[in-house]
Amino acid sequence: MSGHTLLDRIWDSHVVSERPGHPSVLYVDLHLVHEVTSPQAFAELHRRDLEVRRPTNTLATIDHAIPTVAGGLRNASAAARNQISTLEHNCARHGIELHGLESPEQGIVHVIGPELGRTQPGMTVVCGDSHTSTHGAFGCLAFGIGTSEVAQVLATQCLLRHRPQAMRVTIDGKLDEGVTAKDLALALIAKIGADGGRGFVIEYAGEAVRDLDMEGRMTLCNLSIEAGARGGLIAPDATTSAWLDGRLACPSGPEFDTAKERWESLRSDPAAEFSKEVRLDASRVEPWVTWGTQPAMGGPVDAPVPDPGELPASNRVAAEQAQRYMDVVPGRALVGVPVDTVFVGSCTNGRLGDLRAAARVLRRRQVAHRVRMVVVPGSRAVKRAAEAEGLDVVFREAGAEWREPGCSMCIAMNGDRIEAGAVCVSTSNRNFEGRQGRLGRTILASPLTAAASAVAGAVADPRPFLGEHA
Amino acid sequence: MKGWTRIKSRCVPLDRHDVDTDQIIPARFLLTTDREGLASALFADWRDEAGLVLHDPRYAGARVLVAGRNFGCGSSREHAVWALQSFGFRAIVAPSFADIFRANAHACGLLPVTMDETAHATLVRAVTDHPKTEVDIDLERGEIWYADVEPISFDVDPFARDLLTSGRDALQYLLNETGAISEWEARHG
């Protein structure tokens with residue numbers, strides 16, 4: 001008789017030691033490292049004359065600071081080049097596997113971890129990046145940490161943590177054509193709020209979640225942090241195992257079968273109790289866009305932007321500020337609002353399925369002439385796969401730019417950014433003020449909605465673009 | 001890191017909810033390999049606003065920031081904490097904090113004080129109306145004192161408090177666990 005949640009199971013199997021009144025010492029199976037949040041952590045190790053405890057549990061890539069225009073580091077600032085060479089030096093010194101610019105597996109940290117099979121069910125995964133929640137799609141306890149904790153994990157392979165609470169979000173029903181995991185996630189965040197997940201790890205369950213492919217599950221878990229959650233989790237199933245089968249770091253042959261059995265047994269007990277339960281009906285979710293400066297400020301693409309006066313008092317001022325910044329009009333829908341830039345990419349929506357979705361809309365169509373569309377694959381592997389099926393040709397023929405892998409316009413610290421005042425429909429994860437460039441305005445959306453908006457030259461509902469056409 | 005138990009200071013009221021780490025320090029300032037020198041990057045995109053409270057000379061030298069709920073949401077960048085500290089802040093008072101920001105603040109010795117909405121609103125009003133108001137934060141007792149208001153208790157994780165008051169750090173604590181870590185590794189291959 002037990003009532004353990006999936007979170008409990010993973011947690012309990014990773015506790016190294018516990019003392020009353022102290023946080024637990026939690027073991028980390030996979031530590032992902034990138035150039036921006038690690039230099040000060042390595043410097044701390046060197047200051048204390050410490051080594052990296054488990055280089056083999058550590059995987060590094062370069063993604064945030066690199067330019068995505070062809071030509072690589074020639075286009076990087078001196079500061080970015082210094083940060084990148086610092087990571088190269090630190091990885092060489094400590095024997096850490098690094099997928100730098102010359103590696104055929106380089107890419108966004110949350111894309112390559114799963115791609116290489118390094119992310120496996122039941123693991124604890126951390127990274128100095130808040131979107132580490134992505135790896136929860138594989139049934140991992142995965143969360144972002146700061147640089148001090150990066151140093152702790154490098155030196156001890158452990159972290160100090162109190163056990164988070166478990167929330168279950170059950171999403172029943174089926175998603176309509178043209179509605180994606182991105183729309184689902186944004187609708188959930190709007191429902192529970194920018195801090196609705198604070199203190200919790202969210203386990204996603206229900207028919208609509210089981211029906212998602214692994215890429216959709218990664219998108220959903222990725223965005224858990226935008227509701228303030230510590231992580232997202234989905235119980236591994238046959239879809240998970242099938243996706244991992246044959247990946248470089250995954251077991252193969254009979255060992256795979258053993259692993260598969262173990263992975264697919266990882267789930268919450270039917271009697272498990274959650275501290276909070278939320279339900280959502282997938283069949284009622286529509287293509288979603290944000291109108292504000294928090295991912296929670298959004299609604300269906302054709303729904304009127306809310307009048308702040310009609311919102312709960314505690315959200316009113318923030319909504320007014322956000323609408324002023326975004327220059328949107330309450331009572332009017334975003335559909336038809338002119339767009340300057342469209343960005344498809346990021347750890348949220350930069351995988352092959354996302355690029356296929358965008359290409360589906362763009363095939364035999366043109367990006368409106370006033371719009372700049374930038375498509376950035378999440379990794380070199382995604383880029384190769386997309387090119388193998390000719391997606392790059394679809395993008396180029398439509399008038400979009402086809403780039404090298406990286407975080408690009410999601411974070412605007414690598415040369416890719418939007419202009420002040422520009423409106424960008426973006427498949428990334430944050431619409432914060434200035435996130436994509438100072439005074440830039442970000443509308444978060446799915447790859448389908450982003451591509452439809454690129455063609456229309458204005459925010460558009462993707463559904464009319466999905467039927468047969470000449 | 002130096003331990004501390006009390007702060008007595010004026011407070012800057014930044015009465016805004018959901019202040020994300022991109023506002024606290026925009027990403028373009030993250031191209032550094034240093035922890036120091038980020039004071040000028042703090043709220044960099046807001047600095048041009050003439051009415052920005054940080055420019056108000058009446059709050060000059062304040063070591064406490066009073067912010068709205070869900071402070072520090074968004075990115076895990078610890079640079080946000082470093083920038084606040086470089087600017088001179090030692091404590092942030094808010095109705096709630098984002099989880100990663102709170103962990104980063106503790107790790108660096110910046111105190112996140114969670115105060116209930118009503119007490120928080122009263123404090124915001126007091127320091128807005130009377131900028132010379134000084135708060136006295138007593139970390140060991142978990143209390144804030146100001147003006148003639150009854151002392152307000154706040155919860156602080158006892159372990160985090162011990163680290164803050166003693167100046168010890170979590171890395172050293174974990175290094176002391178090396179024996180248990182090795183045993184765990186031996187058990188789990």
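Per chain, numbering begins at 1; letters A, B, ... match sequence-line order.
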Can you tell me if A:Tyr27 and B:His188 form a side-chain donor-acceptor pair at under 3.5 Å? no
Under 4.5 Å from a heavy atom of chain A, the part of B:Thr21 involved: neither
Shortest non-hydrogen contact from A:Ala79 toward B:Leu31: CB-O, 3.5 Å
From OG (A:Ser148) to CH2 (B:Trp82), nearest 0.5 Å: 6.5 Å
Contact origin within A:Leu439 toward chain B - heavy atom pairs under 4.5 Å: neither
Could you go through B:Asp15 and A:Val317, starting from their C-alpha distance and side-chain angles, then the distance that decides it, and tell me whether this counts as side chain to side chain contact (heavy atoms under 4.5 Å, CB included)? CA-CA 10 Å; B:Asp15 194 17; A:Val317 175; over 6 Å; no
Between the main-chain N or O of B:Ile181 and the side-chain N or O of A:Gln157, is there a donor-acceptor pair closer than 3.5 Å? no
Using only heavy-atom distances, determine whether the side chains of A:His162 and B:Asp157 contain a donor-acceptor pair under 3.5 Å. yes
Can you tell which of B:Cys108, B:Gly74, B:Pro26 has the highest number of heavy-atom pairs within less than 4.5 Å of chain A? B:Gly74
So, the part of A:Ala80 with a heavy atom under 4.5 Å from chain B: the answer is both
Chi angles and distances behind the side chain to side chain contact (heavy atoms under 4.5 Å, CB included) call for A:Asp195, B:His17: CA-CA 11 Å; A:Asp195 59 354; B:His17 296 315; over 6 Å; no
For B:Leu30 and A:Gln83: C-alpha separation, side-chain torsions, deciding distance, then whether side chain to side chain contact (heavy atoms under 4.5 Å, CB included) applies. CA-CA 10 Å; B:Leu30 309 187; A:Gln83 212 166 42; 5.5 Å; no
Which of the residues A:Ala296, A:Ser77, A:Pro23 is involved in the greatest number of heavy-atom pairs with chain B at under 4.5 angstrom? A:Pro23
Highest number of heavy-atom pairs under 4.5 Å with chain A: which of B:Asp162, B:Asp22, B:Asp99? B:Asp99
Applying side chain to side chain contact (heavy atoms under 4.5 Å, CB included) to B:Glu183 and A:Val16, what does each step give before you reach the verdict? CA-CA 8 Å; B:Glu183 279 172 33; A:Val16 169; over 6 Å; no
Between B:Ser76 and A:Ser130, which heavy-atom pair has the shortest distance, and what is it? OG-N, 3.5 Å
Nearest 0.5 Å, please: how far is CD in A:Glu149 from CG in B:Leu174? 9.0 Å
Contact class of A:Arg417 relative to chain B, heavy atoms under 4.5 angstrom: neither
OG1 (A:Thr293) and CG (B:Asp20) are apart, to the nearest 0.5 Å, by 8.0 Å
Of A:Ala65, A:Ala318, A:Gly199, the largest count of non-hydrogen pairs under 4.5 angstrom with chain B goes to A:Gly199
B:Asp155, CG atom: more than 12 neighbouring heavy atoms under 6.0 Å: no
Residue A:Ala43 versus chain B: region with a heavy atom under 4.5 Å: neither
Which pair of non-hydrogen atoms, one from A:Ser13 and one from B:Trp184, has the smallest distance, and what is that distance? O-CZ2, 3.2 Å
Least distance between heavy atoms, B:Ala103 atom then A:Arg161 atom: CB-NH2, 4.5 Å
Value rounded to 0.5 Å, distance of NE2 in A:His64 from CZ in B:Arg77: 8.5 Å
Given heavy-atom pairs under 4.5 angstrom as the criterion, report whether the side chain, backbone, both or neither of B:Asp169 touches chain A. side chain
Please classify the contact of A:Glu35 with chain B as side chain, backbone, both or neither, using a heavy-atom distance under 4.5 Å. neither
Below 4.5 Å from any heavy atom of chain A, which atoms of B:Arg69 appear? Answer side chain, backbone, both or neither. side chain
A side-chain contact here means heavy atoms from C-beta on lying under 4.5 Å apart; do A:Ser314 and B:Glu117 qualify? no
What's the shortest heavy-atom distance between A:Thr86 and B:Thr33, and which atoms? OG1-CG2, 3.8 Å
Can you tell me which of A:Glu226, A:His14, A:His131 forms the most heavy-atom pairs within a distance under 4.5 Å of chain B? A:His14
Do A:Arg438 side-chain atoms and B:Asp45 backbone N/O form a donor-acceptor pair below 3.5 Å? yes
Part of B:Phe29 lying under 4.5 Å from any heavy atom of chain A: neither
Interface moiety of B:Ile100 toward chain A, non-hydrogen atoms closer than 4.5 Å: side chain
What part of A:Thr156 lies closer than 4.5 angstrom to a heavy atom of chain B: side chain, backbone, both or neither? both
Examine whether an atom of B:Ala170 lies under 4.5 Å from a heavy atom of chain A, and if so say whether it belongs to the side chain, the backbone or both; otherwise answer neither. both
Quick check for you: among A:Gln321, A:Arg48, A:Arg435, which has the greatest number of heavy-atom pairs under 4.5 Å with chain B? A:Arg48
A:Val36 portion near chain B, given a 4.5 angstrom heavy-atom threshold: both
For the backbone of A:Gly146 and the side chain of B:Asn104, can you confirm whether one donor and one acceptor N or O come within less than 3.5 Å of each other? yes
Let me know if A:Val153 has heavy atoms under 4.5 Å from chain B in its side chain, its backbone, both or neither. neither
I need the residue from A:Leu50, A:Asn82, A:Thr147, A:Val25 with the largest number of non-hydrogen atom pairs under 4.5 Å to chain B. A:Thr147
So which part of A:Arg198 gets closer than 4.5 Å to some heavy atom of chain B, the side chain, the backbone, both or neither? both
Closest contact, heavy atoms only, A:Arg53 versus B:Thr178: NH1-CG2, 3.7 Å
Side chain, backbone, both or neither of B:Gln172 within contact of chain A (heavy atoms, under 4.5 Å): both
Rounded distance [0.5 Å steps], CD in B:Glu177 versus CZ in A:Arg19: 4.5 Å
Relative to chain A, which segment of B:Ala44 carries a heavy atom at a distance below 4.5 Å: side chain, backbone, both, or neither? backbone
Proximal component of A:Ile145, with respect to chain B [non-hydrogen, under 4.5 Å]: backbone
Distance-only, no hydrogens or angles: does the A:Glu433 side chain make a donor-acceptor pair with backbone N or O of B:Gln23 under 3.5 Å? no
Top residue by heavy-atom pair count (under 4.5 Å) with chain B, among A:Leu159, A:Asn414, A:Asn429, A:Thr37? A:Leu159
